[in-house]
Amino acid sequence: VTDDRDPELEDRLQAVWQAEVARATDFRPAPRARAPLAGVKAAAQLVVGAIFVVGVVAILLVVRPTNGPIGPSFSAVPQTNGVPVTATPFESGPPPSATEAFPPLSISNATTLRVSLFVNGVEVGQFPAGAYADPIKGLALPDLPWTVEARTDDGRVLLSFTEHSGQVSSTFYPDGQGSAQGVGSRVDLSCGRLDVWSGPPLLGPVPGPGTPGDCVVGMGSLPPSLPPGISRDAAIAIAQQNVSPDVVLRTALAGPFGELVAAFDHRPRGQLDPGEPAADHWVWAVEWDAIFNICPPDPGSGCYQRPGVTTVVIDYATGEWITSYGYSPGP
Amino acid sequence: VEALFEMRLAAVAGRSGVESRADAPTFESIAAQAPTLLAAARLLMHDEAEAHDLAQMTCEIAMKRLDTLRDPTRIKGWLLTIQMHEAFRLRRRLRRVVTTSYVPERADGHADHAEVLAVRDAVRRLPMRMRAAVVLHHMVGLTVGETAVAMGISEDSVKSQLKTGLQRLREILL
């Protein structure tokens with residue numbers, strides 16, 4: 001910062017600041033007012049809540065069967081890697097009275113990657129880091145059988161499974177018991193777990209560690225009309241000048257700024273700040289694993305370190321630095 | 001409650017070297033910083049009502065957490081840290097809401113006033129994070145380290161935002 005000082009501009013900023021403070025001199029925070037009937041209102045809410053709880057308990061006691069659990073229950077023990085998931089039915093009871101089809105497809109993307117879902121080779125949706133949809137709504141799916149694949153932005157297949165007709169079903173018995181079966185697949189990456197399933201959700205075990213480097217996403221196929229730009233290695237080298245030396249490369253991705261900023265800056269697609277490049281402006285986004293020093297305002301607490309991700313965005317054509325983002329989610 | 005309050009005050013005095021209870025943070029010490037909070041909020045938010053809400057909310061949160069402030073001399077940075085946290089949270093919530101109540105001031109004919117409005121408008125045109133870094137460091141006067149803490153990002157990121165922020169301001173003000 002000291003190399004880029006601009007005393008004249010800083011003086012102008014100070015003048016604006018003084019004017020703003022002078023304009024705000026009369027502001028005084030309002031003390032928190034307590035509603036005059038707050039006590040009465042709280043008591044009324046307490047009474048209503050108690051009546052509700054008593055009512056629910058009474059209903060459960062009336063409808064509870066004489067033996068067996070309350071309501072339908074399942075004991076699905078799914079397997080991974082596309083192996084059909086079959087639940088063990090509970091002890092034999094009356095014949096099934098109904099069979100319901102489960103939602104078509106569900107996803108839990110607990111990785112830091114954006115994932116595209118393909119069914120029979122056709123992309124049906126994109127799911128950013130952290131996306132969870134059970135079921136995924138609004139999918140236009142072909143008839144079964146399906147070959148379901150989850151791919152990274154550079155086309156790498158992270159998981160796949162095949163679903164045939166009749167593989168996904170649930171059965172309910174009059175005594176409230178039931179069974180369910182479905183298919184799904186799971187992959188544990190170093191940046192989190194990805195589940196895609198149809199039917200009952202995939203259960204345990206705890207996520208595995210993954211393999212170092214399995215979350216690095218390379219450059220996808222570029223449109224032929226794009227002008228020549230800097231290479232991926234060059235982009236990483238330039239970006240490295242804008243981060244601490246102890247960071248570890250995670251991802252280097254080229255694409256339209258609007259697409260990349262949505263993924264890396266955790267903001268809705270299409271939401272750009274004034275002064276940022278146009279959504280279709282091609283950039284390199286280079287992402288690094290980093291350790292952030294978090295220092296709370298309370299000096300007695302001391303600083304602590306927390307893992308996070310820092311992203312450097314540079315111009316695809318010229319390599320000029322555009323912006324940087326830091327992201328360190330709380331525990 | 002009174003005993004706990006006394007213990008809290010003692011802890012504050014013990015850790016920060018405060019000599020007397022009079023130095024302990026109070027509502028008045030927060031209220032004294034309120035103009036700074038509103039001034040910063042007006043530069044961060046694009047809506048006058050949002051700016052007032054932000055400053056008011058910051059003060060309320062600060063009052064609830066007053067016991068965690070052990071060094072009263074750092075109250076400004078502490079309050080701005082709370083305010084920045086709330087500003088980013090508000091911005092995420094309001095991102096899809098188009099606000100229209102902000103009406104730019106017009107110059108009153110004096111050159112100084114026109115200059116202030118021009119610079120202020122330029123600051124408001126910066127992206128949120130860049131604007132926050134410029135406001136906290138170059139206007140409020142926090143150090144780079146304090147700005148990084150207030151924004152919850154690394155010092156390197158703050159330096160990058162400041163460098164680009166000044167560059168863009170120069171371009172806008174040309």
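Labels below follow one simple rule: chain letters A, B, ... track the order of the sequence lines, proteins then strands, and each chain is numbered from 1.
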**Report entry** Max heavy-atom pair count under 4.5 Å with chain A, selected residue of P127(B), A148(B), S157(B), A32(B)
**Finding:** P127(B)
Report summary line: With chain A, the option among R131(B), R42(B), E155(B), E171(B) that has the most non-hydrogen atom pairs under 4.5 Å is R42(B)
Side chain from CB out, backbone as N, CA, C, O: work out which of these in [X] comes under 4.5 Å of a heavy atom of chain A, or both, or neither.
| X | result |
| --- | --- |
| A40(B) | both |
| L79(B) | neither |
| R168(B) | side chain |
| V123(B) | side chain |
| E28(B) | side chain |
| T81(B) | side chain |

If I take atom [atom1] from residue [X] and atom [atom2] from residue [Y], how far apart are they, to the nearest 0.5 angstrom?
| X | Y | atom1 | atom2 | value |
| --- | --- | --- | --- | --- |
| R28(A) | L38(B) | CZ | CG | 14.0 Å |
| L126(B) | E276(A) | CG | CD | 11.0 Å |
| M130(B) | S324(A) | CE | OG | 9.0 Å |

Kindly indicate whether the side chain of [X], heavy atoms from C-beta on, has any atom under 4.5 Å from the side chain of [Y].
| X | Y | result |
| --- | --- | --- |
| D156(B) | N242(A) | no |
| V116(B) | W17(A) | no |
| W321(A) | K163(B) | no |

**Report entry** Taking every non-hydrogen atom, the tightest pair across F27(A) and Q56(B)
**Finding:** CZ-N, 4.1 Å
Query - Exercise: identify the closest heavy-atom pair between P29(A) and A34(B) - result: CD-CB, 3.5 Å
Report task. For side-chain contact (heavy atoms from CB on, under 4.5 Å), just list the numbers for I322(A) and T164(B), CA-CA rounded to whole Å, side-chain angles, deciding distance to a tenth of an Å, and then say yes or no. Result -> CA-CA 8 Å; I322(A) 294 175; T164(B) 313; over 6 Å; no
Query - Backbone N/O of H138(B) and side chain of Q14(A): donor-acceptor pair under 3.5 Å - result: yes
Query raised in the report: Can you tell me if CD on Q18(A) sees more than 12 non-hydrogen neighbours from other groups inside 6.0 Å?
Result: yes
Report task. Name the region of S244(A), side chain, backbone, both or neither, that has any atom closer than 4.5 Å to a heavy atom of chain B. Result -> both
Query raised in the report: Are E10(A) and L166(B) close enough, and set up right, to give a side-chain contact (heavy atoms from CB on, under 4.5 Å), and what steps lead you there?
Result: CA-CA 9 Å; E10(A) 288 171 21; L166(B) 289 186; 4.2 Å; yes
Requested in this report: Could you walk me through whether L9(A) and L173(B) pass side-chain contact (heavy atoms from CB on, under 4.5 Å), step by step?
Outcome: CA-CA 10 Å; L9(A) 181 54; L173(B) 291 169; 3.7 Å; yes
Requested in this report: Could you tell me whether E8(A) and R170(B) have a side-chain N and a carboxylate O separated by less than 4.0 Å?
Outcome: no
Requested in this report: Take L169(B) and L13(A) through the side-chain contact (heavy atoms from CB on, under 4.5 Å) test and state the conclusion after the steps.
Outcome: CA-CA 10 Å; L169(B) 283 176; L13(A) 290 170; 4.0 Å; yes
